[in-house]
Amino acid sequence: EDGIRDYKVTGVQTCALPISLERAQALVSTIQACVVRQGGTLDKLAVDDKGVSALAVWGMPPLVHPDGAVRAIRAAWDIRERFTQLDSSFSAGIATGRVYCGDMGHPERRDFTVLGDPVNTAARLMRAAPAGDIWVETATRRDSRGRWDFEELPPMALDRKSTRLNSSHLVISYAVF
């Protein structure tokens with residue numbers, strides 16, 4: 001109703017520390033290029049006193065792919081590598097699940113966006129992950145079809161989650177593209 005639909009998506013949240021506007025532009029351009037290369041959509045972007053943060057989504061129409069988790073991990077990996085070359089810190093959280101996708105807001109000022117628990121989970125994983133790490137939740141790990149090695153993390157409590165989350169750390173030493 002009102003264009004809101006239910007989609008299974010994979011989202012990546014990334015963040016870098018406070019920076020100048022020129023540096024922010026370089027990092028934003030890097031994020032955009034890596035996301036687009038993997039068939040994703042950059043849904044939200046913020047540059048503020050905390051640095052650069054972004055929400056990228058795989059599975060929003062018309063860019064629906066059966067391997068969204070794989071594409072999201074590849075994009076996070078690429079962003080991490082390029083941020084390292086730019087001497088900038090990086091962390092990512094990746095979550096997969098069903099979200100509401102569509103126009104939100106007043107008829108005179110609407111945004112097309114995604115809302116739901118996977119979006120919040122990706123953001124919380126990103127904030128919990130140490131610099132340089134890519135953390136994924138169980139559904140993303142399952143949907144990545146064994147293409148990466150993961151290290152299990154102990155179940156963790158995340159902000160505003162009533163249950164402890166099972167998640168994994170992507171082991172960067174191995175990947176099959």
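Just so you know, these numbers come straight off a predicted model, no measurement behind them. Heads up: numbering here begins at 1 and tracks the sequence.
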Taking all non-hydrogen atoms of both residues, which atom of [X] and which atom of [Y] are closest, and how far apart?
X: Phe90; Y: Ile79; value: CE1-CG2, 3.4 Å
X: Trp58; Y: Gly39; value: NE1-C, 3.6 Å
X: Leu86; Y: Leu27; value: CD1-CD2, 3.7 Å
X: Ala76; Y: Ala92; value: CB-CB, 4.3 Å
X: Ala69; Y: Ser144; value: CB-N, 4.1 Å
X: Arg71; Y: Gln38; value: NH1-O, 3.1 Å

Would you call [X] and [Y] a side-chain contact if the rule is heavy atoms closer than 4.5 Å?
X: Tyr100; Y: Val114; answer: no
X: Thr41; Y: Val35; answer: no
X: Leu153; Y: Trp135; answer: yes
X: Thr121; Y: Val119; answer: no
X: Trp77; Y: Cys34; answer: no
X: Ile73; Y: Ile94; answer: yes

Rounded to the nearest 0.5 Å, how far apart are [atom1] of [X] and [atom2] of [Y]?
X: Leu115; Y: Asp43; atom1: CG; atom2: CG; result: 8.5 Å
X: Asp143; Y: Thr138; atom1: CG; atom2: OG1; result: 10.5 Å
X: Leu55; Y: Leu42; atom1: CG; atom2: CG; result: 8.0 Å
X: Arg127; Y: Ser53; atom1: CZ; atom2: OG; result: 9.5 Å

Is a side-chain donor or acceptor of [X] paired with a backbone partner of [Y] at a separation under 3.5 angstrom?
X: Arg110; Y: Met104; value: no
X: Trp148; Y: Arg141; value: no
X: Arg80; Y: Gly132; value: yes
X: His106; Y: Glu108; value: yes
X: Glu137; Y: Thr96; value: yes
X: Ser91; Y: Met126; value: yes

Review point. Do Phe83 and Val36 sit in the same hydrophobic cluster, where Ile, Leu, Val, Met, Phe, Trp and Tyr count as joined when their side-chain heavy atoms come under 4.5 Å apart?
Key: no

Check your understanding: If you draw a 6.0 Å radius around CG in Asp111, do more than 12 non-hydrogen atoms from other residues or ligands fall strictly inside?
Key ->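 For Asp111, atom CG is crowded (more than 12 foreign heavy atoms under 6.0 Å).
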
